[in-house]
Amino acid sequence: MNKLVNKEAKGFTIIEVVLVLAIAGLIFLVVFLALPALQRSQRDTQRKSDLGRMMSQITAYTANNQGVLPTAWGSSSAFMTSYMKSGGQSFSDPQSNSDYAITSKSTAAAASGLTSGNIWVYPGFKCDSTVTDGSGVSSTGNTRQLAALIYQEQGGFYCQNN
């Protein structure tokens with residue numbers, strides 16, 4: 001009779017198994033909900049890095065061309081082929097993997113029209129977060145000054161001066 005009293009049941013109860021599965025399901029749900037936001041953040045970081053690289057190359061271009069900013073921005077322009085894509089480097093949007101479309105703007109325009117894969121450059125402007133027209137830039141009158149805006153998936157745009 002003593003043997004029956006001391007005998008312990010081995011294994012898990014159905015409640016324990018269901019509880020472990022529920023916790024595992026919640027962990028997977030949190031990971032899958034956070035993953036797209038993490039990917040957007042990573043693409044935005046890449047865009048900022050690309051814009052920084054472009055501004056660095058613009059500085060190199062102006063140093064080599066008597067202080068003159070590039071005037072042509074297309075994929076076959078001298079600036080793009082000699083500076084941005086030299087040595088087989090790519091200069092493309094991380095979401096679409098297609099080349100950035102760079103557009104020169106002569107007047108401040110609301111950046112709400114700026115979309116993924118596009119960069120707006122403003123010769124004679126500087127980044128200015130205090131402007132109320134939504135462009136993020138203000139005129140400097142300095143022809144060697146340039147502001148560039150790039151779209152951010154997390155919201156808005158990122159602006160950088162040369």
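A distance-only check finds a donor-acceptor pair linking the side chain of S82 to the backbone of A78 [under 3.5 Å]. In this structure, the side chain of S56 does not engage the main chain of G52 through any donor-acceptor pair within 3.5 Å. Counting only distance, with no hydrogens or angles, the side chain of T62 and the backbone of I58 share a donor-acceptor pair below 3.5 Å. Side-chain N or O atoms of N65 include none that pairs as donor or acceptor with a backbone N or O of V68 at under 3.5 Å. N162 contributes a side-chain N or O that, together with a main-chain N or O of L146, makes up a donor-acceptor pair within less than 3.5 Å.
Using a cut-off of 4.0 Å between Lys/Arg side-chain N and Asp/Glu carboxylate O, D44 and R47 are scored as salt-bridged.
The 12-atom threshold is exceeded at CG of L29, counting heavy atoms of other residues, nucleotides or ligands nearer than 6.0 Å.
Judged by the 6.0 Å and 45° rule, K85 forms no cation-pi pair with F91.
When side chains are defined from C-beta on, K105 does not count as touching V121, because their heavy atoms never get closer than 4.5 Å. Side-chain contact between T103 and I119 is absent, with no heavy atoms from C-beta onward closer than 4.5 Å. When side chains are defined from C-beta on, V30 does not count as touching L26, because their heavy atoms never get closer than 4.5 Å. Under the 4.5 Å side-chain criterion, counting only non-hydrogen atoms from C-beta, R53 is in contact with Q89.
Relative ring orientation between Y61 and F79 is described as perpendicular, the plane-to-plane angle rising above 60° on a 0-90° scale split at 30° and 60°.
Between the side chains of Q95 and S116, at least one donor N or O sits under 3.5 Å from an acceptor N or O.
The side-chain contact (heavy atoms from CB on, under 4.5 Å) test applied to S138 returns K126, D128, V131, not counting sequence neighbours.
When every heavy atom of N97 is checked against every heavy atom of P94, the shortest pair comes out as OD1-O, 3.8 Å.
Using a 4.5 Å cut-off between side-chain heavy atoms of Ile, Leu, Val, Met, Phe, Trp and Tyr, F157 falls into a hydrophobic cluster with L114, W120, Y122, F125, V137, L149, Y151.
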